[in-house]
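Working notes, structure below.
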Amino acid sequence: MGFKKRSTKSEEEVLEVQTDLAADNTVSAPSSKKIKMDGKKDADMGDGVASSSSVANSVKPMERKKKRKQVDKERRRSVLENEESQLKQPIIEPKGKDATEPVAASSSSSLPEFHISVFKDLASADSSVREAAVETMVTELQEVQKAYDRLENKDLVEGGLKLEAQKDDGLNNCASSLGYAVRRLIRGVSSSRECVRQGFALGLTALVAAIPSIKVDSLLKLIVDLLEVSSSMKGQEVRDCLLGRLFAYGAIARSDRLTKEWLSDKNTLLIKEFMSAIISLASKKRYLQEPSVSIILEIIEKLPAEALLDHILEAPGVPQWFEEAIDVGNPDALLLALKIHEKTSIDSKFGKLLPNPFSPSKLFSADYLSSISNCLKESTFCQPRVHSLWSVLVNILLPDTILQAEDAVSASNSLKKHKKGRKSSSSEEEIANNVQSFCDAVIERSLLLSSHDRKHLAFDVLLLLLPRLPSSFIPIVFSSKVVQCLIDILSTKDSWLYKVAQHFLNELLDWVRNDDVRRVAVIVAFQKHSNGKFDCITKTKTVKDLMAEFKTEAGCMLFVQNLINLFLDEAHASEEPSDQSQTTDENSEIGSIEDKDSIGIMGNADFLKGWVIESLPSVLKHLKLDPEAKFRVQKEILKFLSVQGLFSASLGNEVTSFELQEKFRWPKATTSTALCKMCIEQLQSLLANAQKVEEPRSLANGLEPNDLGSYFMRFFSTLRNIPSVSLFRTLSDDDKESVTKLLEMESKLYKEERNFRLSNDANKVHALRYLLILLLLQVLLRPGEFCDAASELTICCKKVFAAPDDLNSSGEDELDGDAAPELMDVLVDTLLSLLPQSSAPMRTAIEQVFRYFCGDVTDDGLMRMLRIIKKDLKPARHQEAGSEDDDDDDDLLGIEEDEDMDEAETGETADSDEQSEDSEAVVGSEGADKDLPEDSDESDGGMDDDAMFRMDTYLAQIFKEKKNQAGGETAQSQLVLFKLRVLSLLEIYLHENRGKCKPQVLTVFSNLAQAFVNPHTTEGSEQLGQRIWGILQRKVFKEKKLPKDESIPLSTLETLLEKNLKLASKPFKRKKSASSLSKKKLTASLTRYKMIVSLAQNSTYWILKIIEARNLSDSELQGVFDLLQAVLEGYFDSKKSQIKSGFLKEIFRRNPRISHQLFGFLLENCGNAKSDFRRVEALDLVIEVFKSQVPMNSNESNRDVSKKFLKSHLQSLGHLIETLVTKMPEKKSRKTEVHKCCDKIFQMITTLDLTKAFLKCLEPGTLSACESQLGPVFLKLKKPK
């Protein structure tokens, strides 16, 4: 029944391996031959070193190495062969007995059975299966060991079945099954197969903890013996053995046996033995250090503090390990030292690894952190995981209790107005100093200046700090070097650290998302250390998105206050001198400053301040607050922009206003002119936006309205009257007078507005007030340029809302007698004079004023705007004598065909009388101009001297600023910009007068059409053409209500109609110069040609709609009919006519009266058409007329009318059919169209019972031709059902 006793170690190992690999969980005996063979080989190996005395000394080292590898290979092959033979063998049965199931028994009969199938379950990937297997194993082995302990004569067991040979391994007091299980578990933890190591380590932990018979010293010896590393092992084998030892030691630590041993005997040497073994293991490989220390830390947590000094710190190897830690850079030794100190408060046992005496301030002192920098740097070996040392350091650096209290106080104070400082407790100051030292020594001077891995570690450490970091410490942590490193990485997407930085940024944004204090601190840190360019350099929207997330008044006020402090912060100011201190030539000192300012903001400090100025108004963009709260935020921003942009302090940099009960500060260095201009521009933008979203100005409750403009004017006046405060620039006498007039007029209008309460007049006054306010700022922004406009605008305000007494005593502002222009003309001129150089907020205010007053605009004022649109900088090109365009002298505008619009798609040249008619096709003739005096013959015609002077003034204002500037915009582009702004006013005019049927709409239409058709009007700006096109489409053609004023003669409409019809039929011409044009220009010309044709077609529909709305008689409309008849005639007779059949078809569909009048002419010309193409194409027109005049589902009364109409044209219809069948087209597609048309005509004839009358109209030859050409289509007509 028993195995043959084996004495050699190699034989025992072979049998153990066989047992471990047995798939059927049986115990088998290998053949004695194989055992002997393996024993011989292992004996040759000795202790695992592949060298023997039998090898001659003359053998070379390389040959010995090869031989050693061959021996190892044969050894492994023999083990596998034993395994295969074992799997093929049946279960060994005891002699004289039958074995009912595979079990391992400690004796033949006296001990309980142990099922070794649990080892298979220990390797399961399912954790629940592994845990169940551990419970089963421990329970069975406990029963086995209890039974074994109860035996009086344990020697009797030696004769029974044993799983392994007798060993001197210290497990003498354990049953053989238990000894086998312990040895197998120890070997199992070295396996790299999936989940084997975890399951066997769990089993070993539970087994050692549950059965005291397993001695710890025996385990330590077994672990070394069974998991010995030999020199013949390869890398993976060595790693498995070392990891096996690590897991085995971890099992001992977690079993609590060491703690129990110390409690039972405080002089035990087991803990020192264990520490020596695990420190020795940690020293073998770098990757074993951290897990080894984590095992030691588990023991430290379980042992009392008094045991640590004698048993942990005095263990062999530990003092030396601590002593060498700083030199070799051992972060795990530092972690262990910190943990031991945390529990014992021992300072003197760690050498230089910890400061002595220990305190947080000494721990985070610059000198000490520099000394342990190697330890900290070397912690990168465990990336991407962060070493446990950093969490310990962070916990010491930022303790919970103190920081929670500090953060609460900091948050509450940060929401209040700025104060010079708050007294901090000593603990808070100490923590702040520690954080400062840590960030400076570790993050900035150690990690960020090192390799990519250590930069990665720096960001990971910062992420560890965030959850515990108070908002007041954010400026310390996010220092200049940290932000700059982040910017450098994010600006290069190919960087190895790009994803690391992106992850850090995302985590940071999540951390600040619900905390305004944190958000403000991060924004300020990012922008302060990037000079306001964080988003620009990193190509992200980080700062922009953070600014958009403010939702509360407190958060906004905090952000505004921090931006103001950043602006006034002199510590960060650039050392470059401001523009006022630049050395300049004495002859050009003023000009030099202005030139520098116009180029841009000088220096990084000014760029940051510029960002602050631009960001303040943008805070309100996404803010959704109640009006009162929003008004308070607006006031704070307005005060800052006003103080910094408009004023300067004469004495010092602080001024206190007793009237406003507020102190105002300026930077110590004089603010540059460019920054002042930026403040004024943002101030204009703030006021314009406030005007857009203002609530209705109701004073019913007697409360002061939230009028930001009024608040600004009072604030401006108050500061202006402080003796120690002056405007940022010296004004001329004219500008001073303008400022005074604007202030007085705004004050008067404010009172008028309060009197009007809610009415249209109140809206007018309000719009004028804001225009005055913005004009005042414009005078300060550009002195000397707006004095006249300011004077004229104040006069207009007086005239519009003046009391009767004021009208009689206006003094020098009163205009003389009959020569005085209309008030609205003066207002329009003033608004136009402000447009060329106005800022966007200024234009908004101008448009707002125009919107409320456009209903009173005179025809002269309207024409002034239209002439600007039609203005052409280029002089008309003179025609050569005898040229083919001499017949076009009566062209309404003298506009010549654009050379780029000359490539003909049709391949045909135009006649001489058709080569330059684009512009006259949209407007009236000379006769029309007599009826519409405001629509002049020429772009500048009809303008008196004053009007011409005003036009020159507008243009002079456009070109003044760009005249001498290098790289400035051209005069043409400036004119285009001016035209676009005037177009906005015209669009407002059309929108506000929609549905009022004003004849001025026709004036606007005709002039805009002229401007669109004239190639020089829109030259160089596709946007201008598209804008005119859009206005005509939206505000004219698609408007439901039409101008119905009877004062517009029909002849004017007929002339417009004629020109549009002529333009719609005009070909796309080719000239000699077309061959030299590029493909891009030809495409653009063709696109423009198509747009002009489309405009002519839409204009035709619109004019015909106006004419139809007058309900005129047929005799009165005869001129219209003649025009369309002439177009039809050209369509059929001239190959050069480019009129589209779809266009004519649409005219007939929209105007049944026209189709009724022209049907006979259409039938006649369709039959006599010279071209098959025209004839077949015109059949669609015939069918369209049939649809409108002969409806298929008409009632009885309409049926008689339709029958009468069709009967009157049967003869012409018959002639058309005769022509179609006798001149049947050869092309199949055209023949099909003829068949379809004839079929529809025959159906209508049949429906109206006119078949016999129609057949009588056909000649016999025609009948036979119909039968042969039309077939069934004609037969259905002859033989109806």
Side-chain angles (χ1 to χ4, degrees), residues 138 141-142 145 149 169-174 178 182 185-186 189 201-225 227 245-283 288-323 332-333 335-351 353-354 388 392:
V138 171
L141 290 177
Q142 280 180 323
Q145 185 61 30
D149 291 339
D169 51 13
L171 299 178
N172 299 330
N173 294 328
C174 299
L178 179 60
V182 170
L185 288 173
I186 293 174
V189 293
L202 177 64
L204 183 60
T205 302
L207 197 61
V208 173
I211 302 178
S213 301
I214 305 173
K215 302 300 181 182
V216 176
D217 55 345
S218 301
L219 280 177
L220 294 176
K221 183 174 180 296
L222 268 178
I223 291 170
V224 175
D225 292 343
L227 301 178
R245 287 193 190 183
L246 180 70
F247 274 75
Y249 290 144
I252 294 175
R254 292 190 175 184
S255 66
D256 292 339
R257 285 293 300 275
L258 293 175
T259 306
K260 294 176 181 177
E261 292 287 343
W262 182 84
L263 292 175
S264 61
D265 181 9
K266 295 186 178 181
N267 295 321
T268 181
L269 299 177
L270 290 179
I271 298 178
K272 288 185 178 181
E273 234 180 279
F274 178 83
M275 283 294 299
S276 178
I278 199 166
I279 289 295
S280 175
L281 177 66
S283 302
L288 296 174
Q289 282 186 6
E290 188 180 14
S292 297
V293 169
S294 66
I295 292 173
I296 297 174
L297 292 178
E298 286 195 33
I299 297 174
I300 290 174
E301 291 297 324
K302 296 172 183 178
L303 286 174
E306 58 182 300
L308 300 184
L309 181 60
D310 296 332
H311 295 270
I312 299 295
L313 295 177
E314 298 296 334
V318 174
Q320 183 182 2
W321 200 54
F322 284 144
E323 194 67 34
D332 302 292
L335 172 64
L336 181 60
L338 288 172
K339 281 294 192 179
I340 292 176
H341 176 272
E342 180 183 341
K343 189 165 184 178
T344 62
S345 300
I346 299 172
D347 296 337
S348 58
K349 296 292 184 178
F350 306 103
L353 197 55
L354 290 183
S388 306
V392 176

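As the structure is a computational prediction, the values presented were derived from the model and not from experiment.
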Which value, rounded to the nearest 0.5 Å, describes the distance between [X] atom [atom1] and [Y] atom [atom2]?
| X | Y | atom1 | atom2 | answer |
| --- | --- | --- | --- | --- |
| Glu261 | Glu273 | CD | CD | 11.0 Å |
| Ser388 | Leu335 | OG | CG | 6.0 Å |
| Lys339 | Leu308 | NZ | CG | 12.5 Å |
| Ile223 | Lys221 | CD1 | NZ | 12.0 Å |
| Leu207 | Leu185 | CG | CG | 6.5 Å |
| Ile279 | Leu288 | CD1 | CG | 11.5 Å |

State, with a plain yes or no, whether a side-chain heavy atom of [X] is found less than 4.5 Å away from one of [Y].
| X | Y | answer |
| --- | --- | --- |
| Val182 | Cys174 | no |
| Val216 | Phe274 | no |
| Met275 | Val318 | yes |
| Ile271 | Asp310 | no |
| Ile299 | Ile296 | no |
| Leu270 | Asp265 | no |
| Ser294 | Pro291 | yes |
| Leu303 | Leu258 | no |

Determine the minimum heavy-atom distance between [X] and [Y], stating which atoms define it.
| X | Y | answer |
| --- | --- | --- |
| Ser292 | Ile278 | O-CD1, 3.6 Å |
| Ile295 | Tyr249 | CG2-O, 4.1 Å |
| His311 | Thr268 | CE1-O, 3.2 Å |
| Gln145 | Ser213 | NE2-OG, 3.4 Å |
| Ala210 | Gln142 | CB-NE2, 3.4 Å |
| Ile211 | Arg257 | O-NH1, 3.5 Å |

**Request:** Applying side chain to side chain contact (heavy atoms under 4.5 Å, CB included), name anything that partners Ala337, two or more places apart in sequence or on another chain.
**Result:** Phe322, Phe350, Leu353, Leu354

**Request:** Please identify each residue that fulfils side chain to side chain contact (heavy atoms under 4.5 Å, CB included) with Leu202, with sequence neighbours left out.
**Result:**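 Partners of Leu202 under the side chain to side chain contact (heavy atoms under 4.5 Å, CB included) test: Glu131, Val134.
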
**Message:** Looking at Glu314, I'd like to know if its CD atom is crowded, meaning that more than 12 non-hydrogen atoms belonging to other residues, nucleotides or ligands lie closer than 6.0 Å.
**Reply:**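 Yes, enclosed.
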
**Request:** For the pair Arg245 (side chain) and Leu281 (backbone), establish whether a donor and an acceptor sit closer than 3.5 Å, ignoring hydrogens and angles.
**Result:**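 Answer holds: no.
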
**Request:** Kindly say whether Lys272 contributes a backbone atom to a donor-acceptor pair with the side chain of Ser276 at under 3.5 angstrom?
**Result:**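 No: the side chain of Ser276 does not pair with the backbone of Lys272.
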
**Request:** Can you tell me which residue pairs pass the side-chain hydrogen bond (donor to acceptor under 3.5 Å, both in side chains) test with a partner in residues 295-309, sequence neighbours excluded?
**Result:**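 For residues 295-309: Arg254-Glu298, Asp256-Lys302.
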
